[in-house]
Student: 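Before anything else, here's the structure in question.
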Amino acid sequence: MISTVLRRSVLGASRRTQTLSASLTSLNAALFHHLAPSSSAAATVSDLKSGVALPQTPNPYGVKARDFHFQSGPSEFRASMASPAGFAAQDYALSYDGGDSEESVGSSSNGGDGLAISELGISPEIVKALSGRGIDKLFPIQKAVLEPAMQGRDMIGRARTGTGKTLAFGIPVIDKIIKFNAKHGRGKNPLCLVLAPTRELARQVEKEFRESAPSLDTICLYGGTPIGQQMRELNYGVDVAVGTPGRIIDLMKRGALNLSEVQFIVLDEADQMLQVGFAEDVEVILQKLPEKRQSMMFSATMPSWIRSLTKKYLNNPLTIDLVGDSDQKLADGITMYSISADSYGKASIIGPLVEAHGKGGKCIVFTQTKRDADRLSYGLAKTFKCEALHGDISQSQRERTLAGFRDGNFNILVATDVAARGLDVPNVDLVIHYELPNNTETFVHRTGRTGRAGKKGNAILIHGPEQSRAVKMIEREVGSKFTELPSIPVERGSGSMFEGIGGRSGGSYGGGMRDRSSSYGGRSGGYGGGGGSGRYGGDRSEGSGSRYSGGSDRSSGYGGFGSGGSNRSSGGYGGFGSDRSSQSSGRSSFGGFGLKDPNSSY
Ligand SMILES: Nc1ncnc2c1ncn2[C@@H]1O[C@H](COP(=O)(O)OP(=O)(O)OP(=O)(O)O)[C@@H](O)[C@H]1O
C-alpha cells in the first residue's frame, strides 16, 4: 500500500511538473491576453510572480476521463490518505513570491467582457457542462478569482449579489479535483468542503457543483433530513461535501465524515455564519482540517470575527474585493422604489404592487416574522398563486416550496430573511420589503434576489410615513436612490383579503396584519411566538454596523437576530437551516431597528 502511494507520488510529481507548466501557460495566456490584449502571451507569462518563463503549449488538458468514477463504490477508493505529492491544491501552485496579506485585487479587475471559458484550459467536462447551462464566459469575480485560485492561494472574496461567486470558487476547485482524480484515482473522503449558513444555500451550492462537474460525487449535508442516508452516501465515497456546520459536526462525531483529506475549504456567506450562531462550529471544523489546504472565504462584510478567522486559519490570503469602497452596493440593473403605507394598509397594497411592477414574473415579499409571512401569504393566496417560506415549515415542505417557486408553479413567495442570502432563483423580477429590514446588509441581500446574473429587476421598500430618515440612510448606504411611488389609497373599515387571518381583532385589515410597532419600534412579542427573550444589544460591533435610527426603537437597541441564550428553540434562526448541534455564543446582533419579534425573525 505504502509503495503504491509512493510510486504514485513519484510518477505523479514528474507528470505534474509537465502538466503544471503547460496548464499555467495556457491559463495565464488566456487571462492576460484578455486583460491586456496588446501584450504578447509570452511576455505576459514571464510577468507572472513565479518569475518562471513557461513554455507555450496549446490546451494542455488532454486529461483522460476514463479513470473518473461515475458510480460510487467502496472498491474503487483511492488511497485513503492523499500523499503529500498528490496535493490537488498545489497542482498549479507557482512558487508565489509571498505577497503580503495586504495584497488585494480591487474593483479595477471588474471590467470588460467575460473570458471565454472554453479557452481557459479547464477540463472539457466542465466546459461542456457549463456551456449546456448557457455559461460560456466568466463573470468578473470569476475572472478575478481564477488565476490565484488555480495557483493555490488562500483568498477572501467579495462581490455584489448575483454576480457568480459560487462558480468563482467552484470552477477552480472542481477542475483541480477532476484532474487530481484522473491521476490518483477516486477516494472515499471528500477533497473539498464547502460550508454554508443555511440548508437552502448548501443545497444550491451543491447543485451548482454537481451540474458543473457531473463526474464528481457531491453530497449535501444538512439537518432536518435523515442522517442515516447521508452516512451511507459518505461511506460510498464523495469528492465534494457541502453542508451546514451543525450537521457536519454531527457526522464527524459519529465517525461518518472524515475530513483528513480535505484540500479545499470554502466558507460561503461567511459573515452570515456568525449571525446565525455558527461561529464556534465553524472554528471546530476548521481546526479539524489538514494544515495543508487551500482556504477560500466569501463574505459580504468583514466583522471582527471574520478578520480573526482569517488571521488564524488562512495563509497569506489574497483579498479580491469587487465591491470595495464603491458607493453602489447593489448589482447593476436593479431599480429601487419606495412607497409609504401605514401599518394597517400595507398588506393590502402588495397585490397592486405585484400587478404594477412584477411584470407577471416571480416576486419575493420579505417579512420580518414567520407569523407575518404566513398571514400575508394566506391573504395573498386568495388572489394570487402564493406560498410562504420560513423556519417553522418542515424541511421537506421548504424544499417543495422552493422547487415549486423555481419551476413557476406559483409566482409569489412570502419569506422571512431565510431566503435573503444566496438563494438563486432565476427570473425574480420583483422584491418587496414588507417593512424596513434590520440593517442595510439585509436590505442588500434581500434585494439581490432580483437582478441576478446581469438581469434587470425591481425592488420596492414599504415604509411607514414616519420612516423617511431610515429610507434616506439606506439610500446613502447602498448608493442608489429610491423612486418614491405614489401611495395607494386603502379604505379603512372595509373588509380586506386579510380579514380574519390573524388572531387579533380590530383594524380593518384583518387584525392579524396589524402592526403595533408602526414606527418600527421594535416592540418584541407583538406577534406572539415567544418574543422577548432575545439577547438585546449584544456585541453590536460585530454586526453590519448599520442601523437606522429614527422611529421609536423601544427595544433599546436590540439585536435583530438576537435569539440568544437558551431560547433558540422558540424561533429565531433556530428553525431555518441553522441545524446546529451545539449551542454557540458570541453571536452578532444587529442593533437597531426594530424587529417586532426577535424570536420569529427566521
Ligand atoms: N459566467 C456566468 N455566465 C452566466 N451565468 C452565470 C455565470 N456565472 C454564474 N452564473 C449564474 O448567475 C447566477 C448567480 O450566481 P451565484 O448564485 O453564484 O451569485 P452570487 O454572487 O453567489 O450571489 P449571492 O451574493 O446572492 O449569493 C446563477 O444562476 C448562476 O448560474
Side-chain angles (χ1 to χ4, degrees), residues 72 74 77-82 187-203 205-206 209 217-270 272-293 295 297 305 308-309 312-313 391 394-396 399 563-569 572-587 602:
S72 294
F77 294 152
R78 94 185 138 243
S80 62
M81 289 295 292
K188 178 176 176 184
N189 301 322
L191 295 176
C192 172
L193 178 68
V194 183
L195 299 180
T198 67
R199 297 168 188 173
E200 277 64 21
L201 189 53
R203 280 172 57 88
V205 170
E206 190 260 342
F209 270 75
D217 281 331
T218 60
I219 189 169
C220 193
L221 307 170
Y222 58 99
T225 48
I227 199 163
Q229 189 179 332
Q230 291 172 0
M231 291 170 74
R232 271 193 300 281
E233 272 183 56
L234 283 168
N235 196 38
Y236 290 145
V238 298
D239 298 297
V240 177
V242 183
T244 49
R247 178 57 64 98
I248 284 172
I249 288 185
D250 201 350
L251 286 159
M252 283 160 62
K253 281 183 182 157
R254 291 168 191 244
L257 177 62
N258 181 339
L259 299 181
S260 65
E261 292 182 61
V262 167
Q263 301 182 27
F264 310 95
I265 169 80
V266 182
L267 265 72
D268 199 12
E269 304 280 359
Q272 199 193 5
M273 300 274 193
L274 177 71
Q275 291 160 23
V276 299
F278 277 143
E280 273 180 21
D281 290 353
V282 166
E283 294 210 41
V284 166
I285 293 167
L286 289 173
Q287 282 156 11
K288 295 280 183 232
L289 298 177
E291 284 219 340
K292 193 168 183 182
R293 63 169 192 262
S295 309
M297 193 190 277
W305 175 70
S308 75
L309 208 63
K312 248 159 106 182
Y313 300 104
S394 72
Q395 182 61 29
S396 55
E399 284 165 20
S563 59
S566 58
N567 196 24
R568 242 185 296 156
S569 60
Y573 281 107
F576 207 99
S578 49
D579 42 313
R580 272 155 294 179
S581 61
S582 64
Q583 299 274 322
S584 54
S585 57
R587 203 163 315 122
Y602 261 31

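The structure displayed is predicted, hence computed values, not measured ones.
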Student: Please tell me if the side chains of Phe278 and Gln272 come closer than 4.5 Å, counting only heavy atoms from C-beta onward.
Tutor: no
Student: Using every non-hydrogen atom in the two residues, find where Ala270 and Met297 come nearest and quote the distance to one decimal.
Tutor: CB-CG, 3.6 Å
Student: Does atom CD of Gln287 have more than 12 heavy-atom neighbours from other groups under 6.0 Å away?
Tutor: yes
Student: Determine the minimum heavy-atom distance between Val262 and Arg293, stating which atoms define it.
Tutor: O-CB, 4.0 Å
Student: Starting from the C-alpha separation in whole Å, work towards a yes-or-no answer on side-chain contact (heavy atoms from CB on, under 4.5 Å) for Phe209 and Val194.
Tutor: CA-CA 10 Å; Phe209 270 75; Val194 183; 4.1 Å; yes
Student: Any chance you could lay out the side-chain contact (heavy atoms from CB on, under 4.5 Å) test for Ile248 and Leu257, step after step, and finish with the verdict?
Tutor: CA-CA 8 Å; Ile248 284 172; Leu257 177 62; 3.7 Å; yes
Student: Within the 4.5 Å heavy-atom criterion, are Met252 and Ile285 side-chain neighbours or not?
Tutor: yes
Student: Which atom pair, heavy atoms only, marks the closest approach of Ala279 to Leu274?
Tutor: CB-CD1, 3.8 Å
Student: Check Pro290 against Ser260 and note the closest heavy-atom contact, atom names and distance.
Tutor: CG-O, 3.2 Å
Student: Do Ile227 and Arg254 come close enough that some side-chain heavy atom pair is under 4.5 Å?
Tutor: yes
Student: Does the side chain of Asp268 come within less than 4.5 Å of Met273's, by heavy atoms?
Tutor: no
Student: Do Ile265 and Leu286 have side chains that approach each other closer than 4.5 Å (heavy atoms only, starting at C-beta)?
Tutor: yes
Student: Show the nearest heavy-atom pair for residues Ala196 and Pro245, with the distance to one decimal.
Tutor: O-CD, 3.5 Å
Student: Which value, rounded to the nearest 0.5 Å, describes the distance between Leu193 atom CG and Leu259 atom CG?
Tutor: 5.5 Å
Student: Looking only at heavy atoms, what is the nearest atom pair of Met231 and Leu251, with distance?
Tutor: CG-CD2, 3.5 Å
Student: Determine the sole option in Asp217, Asn189, Ile219 for which the side chain to side chain contact (heavy atoms under 4.5 Å, CB included) test with Asp239 is passed.
Tutor: Asp217
Student: Can a donor-acceptor pair be found between the side chains of Tyr222 and Glu200 at a distance below 3.5 Å?
Tutor: no
Student: Any chance the side chains of Gln230 and Thr225 put a donor and an acceptor closer than 3.5 Å?
Tutor: yes
Student: Which value, rounded to the nearest 0.5 Å, describes the distance between Leu195 atom CG and Leu267 atom CG?
Tutor: 5.0 Å
Student: For the atom pair CZ (Arg203) and OG1 (Thr198), what is the distance rounded to the nearest 0.5 Å?
Tutor: 11.0 Å
Student: Find the distance between CZ (Arg199) and CD (Glu399) and round it off to the nearest 0.5 Å.
Tutor: 8.5 Å
Student: Would you compute the distance between atom CG of Asp281 and atom OG1 of Thr244 and round it to the nearest 0.5 angstrom?
Tutor: 9.5 Å
Student: Measure the spacing between CG of Leu234 and CD of Gln229 and express it to the nearest 0.5 Å.
Tutor: 11.0 Å
